[in-house]
Amino acid sequence: MANFSKSNVPQFSVDVYQNEYLPDGGREVNAIVTVTSTGGGTVGTAVGASYAPGQGPSAGVVVMVDCSGSMDYPPTKMRNARDATAAAVDTLRDGTHFAVVGGTHVAKEVYPGGGRLAVADRTTREQAKQALRRLSAGGGTAIGTWLRLADRLLSSADVTIRHGILLTDGRNEHESPEDLKGALDSCAGRFTCDARGVGTDWEVKEVTGIASALLGTADIVADPTGLAADFTQMMETAMGKEVADVALRLWTPVGTTIKFVKQVAPTVEQLTDRRTEAGPRAGDYPTGSWGDESRDYHVCVEVPSAGLGQEMLAARVSLVVPQPDGSAQNLGAQGLIRAVWTDDMAASTSINPQVAHYTGQAELAQAIQQGLDLRKAGDMDGATAKLGRAVQLASASGNADTAKLLAKVVDVVDAATGTVRLKAKVAEADEMTLETRSTKTVRVKK
């Protein structure tokens, strides 16, 4: 784990949006915490690192490519996967450590081999692309073995940022769900991973579960010809990461409890159960790696009841990078969540616009997932009700991308009231796209 100084990492800031006013006896405080990282693109270099100016911190990336037998149906799928991985390799910054893994029911090192990572330059990129041409399809699918190999390879190099890119086209049929969960548990916190499903024969909850556990992104690439552009974009984003293992630290006073912590933008991600204790009345919630970006978190705190006119600090938010020795590097940004008791009904019943918006976005994601599950189970009335509510929420919040995806699964009669009819026939790719992207949110309309 690298040490950082303020002069050479992105500058982090924390903004808190809330209605701090509670009625007499009120105990629940809700706040949206916006975390923003800026300036990393030019100054984000770890102390003691030896890269050229502007190249950023040391990074290790492992690309895991599905090489199971189904990748040959149609044969263009394997070719597109090879081309996409080559495009990702071309996007690697000089000095980045990298490897390519071929995944079937076992994991094999495609390049460079020998249980190590190569260092990207013109020669190694060309060698990797030559090795990719030898990739062929055959065998089963055991994604846990791919992840464990990626972890071993990434831990072999002294790098600051560790990242994986995983592509699969099928279900994880050659290991138990417990084996995959065990691999995810052992890899969590060790590297981040973006996961992609190509075609329509994979399981959405498996792919999104991998990305969620490893604090990465998940998406569908229904048409394999889109893989190269998607892989290039993923690698460019990975190359922009400047600080790894950032944690949202919440300190609360005596008698106060954290009800939940969830990321609500750019996607909904539950963090409550991932808390690690960080000293008296403090806990850390992992957020993964950061470049120049902004994310929003919904924090809900239960405070002890107090009398009218009283006020208290409900929680203090800071950003830290935990160190192996148990200490933490503070990134110098802080926000305060407050509680004030009042008999002013207008003040205490007002809902902060950010809190209201993201409560709706979280409900939208849940409504889509429940609606699609009910549809698969044959409960058409239940599915219609849930997906109708999703249409209503997407319309009200201005989430146009999700509204378009919903319109491929239901006929919208009236978006404002959520009146819809289920389509009789839905393309599998459209349904899987809606499910995969259901947690994507939009920010509050200004």
Side-chain angles (χ1 to χ4, degrees), residues 17 30-35 194-197 202-220 248 259-274 285-288 293-300 351-377 379 382-410 412 415-416 418 420 422 426 429-445:
Y17 301 94
N30 286 276
I32 299 300
V33 176
T34 297
V35 178
D194 295 323
R196 295 294 184 265
W202 47 281
E203 182 61 51
V204 171
K205 286 180 173 59
E206 276 179 358
V207 170
T208 56
I210 291 164
S212 176
L214 302 182
L215 297 172
T217 64
D219 208 349
I220 179 174
L248 194 71
K259 291 186 76 172
F260 65 78
V261 178
K262 64 177 81 164
Q263 179 183 288
V264 288
T267 57
V268 177
E269 194 64 64
Q270 184 60 252
L271 300 177
T272 312
D273 295 339
R274 303 190 194 189
Y285 299 84
T287 69
E293 59 190 297
S294 182
R295 305 180 204 168
D296 293 336
Y297 300 87
H298 186 169
V299 177
C300 181
I351 299 177
N352 175 271
Q354 268 91 348
V355 172
H357 174 81
Y358 285 123
T359 300
Q361 292 290 287
E363 186 191 345
L364 169 60
Q366 188 177 40
I368 291 170
Q369 289 158 6
Q370 290 174 340
L372 292 175
D373 285 346
L374 289 167
R375 187 176 177 277
K376 288 174 192 168
D379 182 352
T384 302
K386 288 292 182 185
L387 293 172
R389 176 61 175 153
V391 165
Q392 185 181 32
L393 289 163
S395 172
S397 65
N399 195 331
D401 288 344
T402 299
K404 284 178 193 167
L405 296 176
L406 281 161
K408 294 184 177 181
V409 176
V410 296
V412 179
V420 303
L422 292 184
V426 177
D430 289 337
E431 186 174 355
M432 291 177 71
T433 302
L434 175 61
E435 186 176 359
T436 306
R437 298 180 183 170
S438 62
T439 59
K440 291 184 186 294
T441 58
V442 291
R443 303 194 101 153
V444 181
K445 289 185 284 188

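Note that the structure is a prediction, hence the values are computed from the model and not measured.
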[atom1]/[X] to [atom2]/[Y] distance, rounded to the nearest 0.5 angstrom?
X: T359; Y: Q354; atom1: OG1; atom2: CD; answer: 11.0 Å
X: T439; Y: Q369; atom1: OG1; atom2: CD; answer: 7.0 Å
X: D379; Y: L374; atom1: CG; atom2: CG; answer: 5.0 Å
X: K262; Y: T267; atom1: NZ; atom2: OG1; answer: 12.5 Å
X: L372; Y: M432; atom1: CG; atom2: CE; answer: 11.5 Å
X: D430; Y: K404; atom1: CG; atom2: NZ; answer: 13.5 Å

Any chance the side chains of [X] and [Y] put a donor and an acceptor closer than 3.5 Å?
X: T272; Y: Q270; result: yes
X: T287; Y: Q263; result: no
X: T217; Y: R196; result: yes

Min side-chain heavy-atom separation [X]-[Y] under 4.5 Å:
X: V409; Y: L387; value: yes
X: Q361; Y: V264; value: no
X: Y285; Y: R274; value: no
X: V420; Y: R389; value: no
X: P286; Y: L215; value: yes
X: L248; Y: V261; value: yes
X: L271; Y: F260; value: no
X: W202; Y: V207; value: yes

Could you tell me whether D296 and R443 make a salt bridge, using a distance below 4.0 angstrom between a side-chain N and a carboxylate O?
-> yes

Do E431 and K408 sit within salt-bridge range, that is, some charged N less than 4.0 Å from a carboxylate O?
-> no

Could you pull out the closest heavy-atom pair between [X] and [Y], with the gap in Å?
X: L406; Y: A394; answer: CD1-CB, 4.2 Å
X: I220; Y: R437; answer: O-NH2, 3.7 Å
X: K440; Y: A218; answer: NZ-O, 4.4 Å
X: A415; Y: V391; answer: CA-CG1, 3.8 Å
X: T436; Y: D219; answer: CG2-CA, 3.5 Å
X: T34; Y: S294; answer: CG2-OG, 3.5 Å

Whether over 12 other heavy atoms sit under 6.0 Å from E203 CD = yes

NZ of K205: more than 12 outside heavy atoms within 6.0 angstrom?
-> yes

Could you tell me whether a side-chain N or O of S438 sits under 3.5 Å from a main-chain N or O of E435, the two making a donor and an acceptor?
-> yes

Partners meeting side-chain hydrogen bond (donor to acceptor under 3.5 Å, both in side chains) with T402 (sequence neighbours left out) | N399

Across all chains, not counting sequence neighbours, the salt bridge (Lys or Arg N to Asp or Glu O under 4.0 Å) partners of E293 are K241, R295

